[in-house]
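Note that the structure is predicted; figures quoted are calculated from it, not measured. The first residue of the sequence shown is numbered 1, and numbering continues consecutively from there.
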Amino acid sequence: MKKLARRWRRTRDGGDDDDEDDDKLVLPTFDDIDSRPIDTQEQEEYVRSLEEAHAQQSRQWKSVFAILLICYGGFLFYSIFQQFMSPWELRYHAYFMEDLKSWMVISAEWIAIMTCCLSIVGLLDKKNDHRRWFWYSCVPGSALTIFWLYYLLRLPKFRWDAIWLPFGPLCGAGICLYVDHLLEESSEEVKKLRNYMYAYKAR
């Protein structure tokens with residue numbers, strides 16, 4: 001999207017040297033194909049097409065990560081069910097059977113599900129302050145990281161196959177925050193294009 005947006009930021013032919021920097025921030029006034037002038041309506045269509053493409057890509061990426069988090073939350077729910085019905089049967093739970101009680105494991109995984117839910121809300125929320133949900137999810141995610149790492153380090157041998165327990169929920173929140181940041185940058189690029197178009201109209 002950024003590459004597509006930068007295509008429209010080209011220098012306008014002519015003009016004074018003092019206006020050279022400003023001209024670079026204006027949409028093109030000539031078509032590259034046949035060198036015919038691009039009128040205001042065509043510029044509006046270009047910008048609108050970029051806005052629609054960005055909105056579609058934003059929905060797609062947010063849907064993908066929301067589905068991944070839902071799947072991860074479903075796996076955690078299965079893990080809770082197994083721990084409740086058959087305590088310590090799962091291998092990554094059995095590592096901690098000497099140090100933790102069953103209710104502590106179940107509670108930790110419920111908190112992990114809550115962390116995922118907060119991230120999903122942030123992805124689906126269309127308000128301007130939706131990013132706060134990602135920061136909210138980082139709080140329980142960080143607490144889980146400290147909790148699980150403490151007990152992982154107490155094991156006689158560090159179990160790398162259980163490393164997702166401390167870092168899974170926190171990484172999920174961090175990745176969602178990063179993806180949202182990239183989409184926001186792309187959105188700002190498109191908004192700048194519309195502002196450049198309005199600035200050119202005012203000349």
Assess the residue pair Leu165 and Leu152 against the criterion (side chain to side chain contact (heavy atoms under 4.5 Å, CB included)); give the C-alpha distance rounded to whole Å, side-chain angles, the decisive distance to 0.1 Å, and a yes or no. CA-CA 9 Å; Leu165 285 171; Leu152 271 174; 5.5 Å; no
Trace of the side chain to side chain donor-acceptor pair (under 3.5 Å) decision for Thr115 with Tyr136: CA-CA 8 Å; Thr115 303; Tyr136 292 163; over 6 Å; no
ILVMFWY cluster, [X] and [Y] together (side-chain gap under 4.5 Å):
| X | Y | result |
| --- | --- | --- |
| Trp110 | Leu170 | no |
| Leu100 | Met85 | yes |
| Tyr72 | Ile163 | yes |
| Tyr150 | Trp103 | yes |
| Met97 | Phe158 | yes |

Under 6.0 Å between ring centres, would you say that holds for [X] and [Y]?
| X | Y | result |
| --- | --- | --- |
| Phe147 | Tyr151 | yes |
| Trp148 | Phe167 | no |
| Trp88 | Phe96 | no |

Inter-residue atom distance [X].[atom1] - [Y].[atom2], 0.5 Å rounding:
| X | Y | atom1 | atom2 | value |
| --- | --- | --- | --- | --- |
| Ile175 | Leu68 | CD1 | CG | 9.0 Å |
| Ile106 | Phe84 | CD1 | CZ | 7.0 Å |
| Tyr78 | Leu90 | OH | CG | 5.5 Å |
| Gln83 | Leu76 | CD | CG | 13.0 Å |
| Leu177 | Cys138 | CG | SG | 6.0 Å |
| Leu182 | Glu185 | CG | CD | 6.0 Å |

Given Trp164 and Phe75, is the side chain to side chain contact (heavy atoms under 4.5 Å, CB included) satisfied, shown in steps? CA-CA 12 Å; Trp164 59 271; Phe75 170 75; 3.5 Å; yes
Could you pull out the closest heavy-atom pair between Leu144 and Pro169, with the gap in Å? CD1-CG, 4.0 Å
Closest non-hydrogen atom pair, Pro140 against Ile111: CB-CG2, 3.8 Å
Check the pair His93 / Ser102 against side chain to side chain donor-acceptor pair (under 3.5 Å), numbers first and verdict last. CA-CA 9 Å; His93 285 165; Ser102 181; over 6 Å; no
Let me see the working for His130 and Lys62 under side chain to side chain contact (heavy atoms under 4.5 Å, CB included), right down to the final yes or no. CA-CA 12 Å; His130 66 278; Lys62 288 183 177 182; 4.3 Å; yes
Over 12 non-hydrogen atoms of neighbours within 6.0 angstrom of [atom1] in [X]:
| X | atom1 | result |
| --- | --- | --- |
| Glu89 | CD | no |
| Tyr178 | OH | no |
| Glu45 | CD | yes |

Judged by atom type as modelled, is there a donor-acceptor pair below 3.5 Å linking the side chain of Ser86 to the main-chain atoms of Gln82? no
For the pair His54 (side chain) and Leu183 (backbone), establish whether a donor and an acceptor sit closer than 3.5 Å, ignoring hydrogens and angles. yes
Apply side chain to side chain donor-acceptor pair (under 3.5 Å) to residues Ser119 and Ser137 and explain how you reach the verdict. CA-CA 6 Å; Ser119 297; Ser137 65; 3.2 Å; yes
Pair Asp125-Trp133, side chain to side chain contact (heavy atoms under 4.5 Å, CB included): steps then yes or no: CA-CA 9 Å; Asp125 190 2; Trp133 294 106; 3.2 Å; yes
Do Asp99 and Leu155 touch side chain to side chain, with heavy atoms closer than 4.5 Å? yes
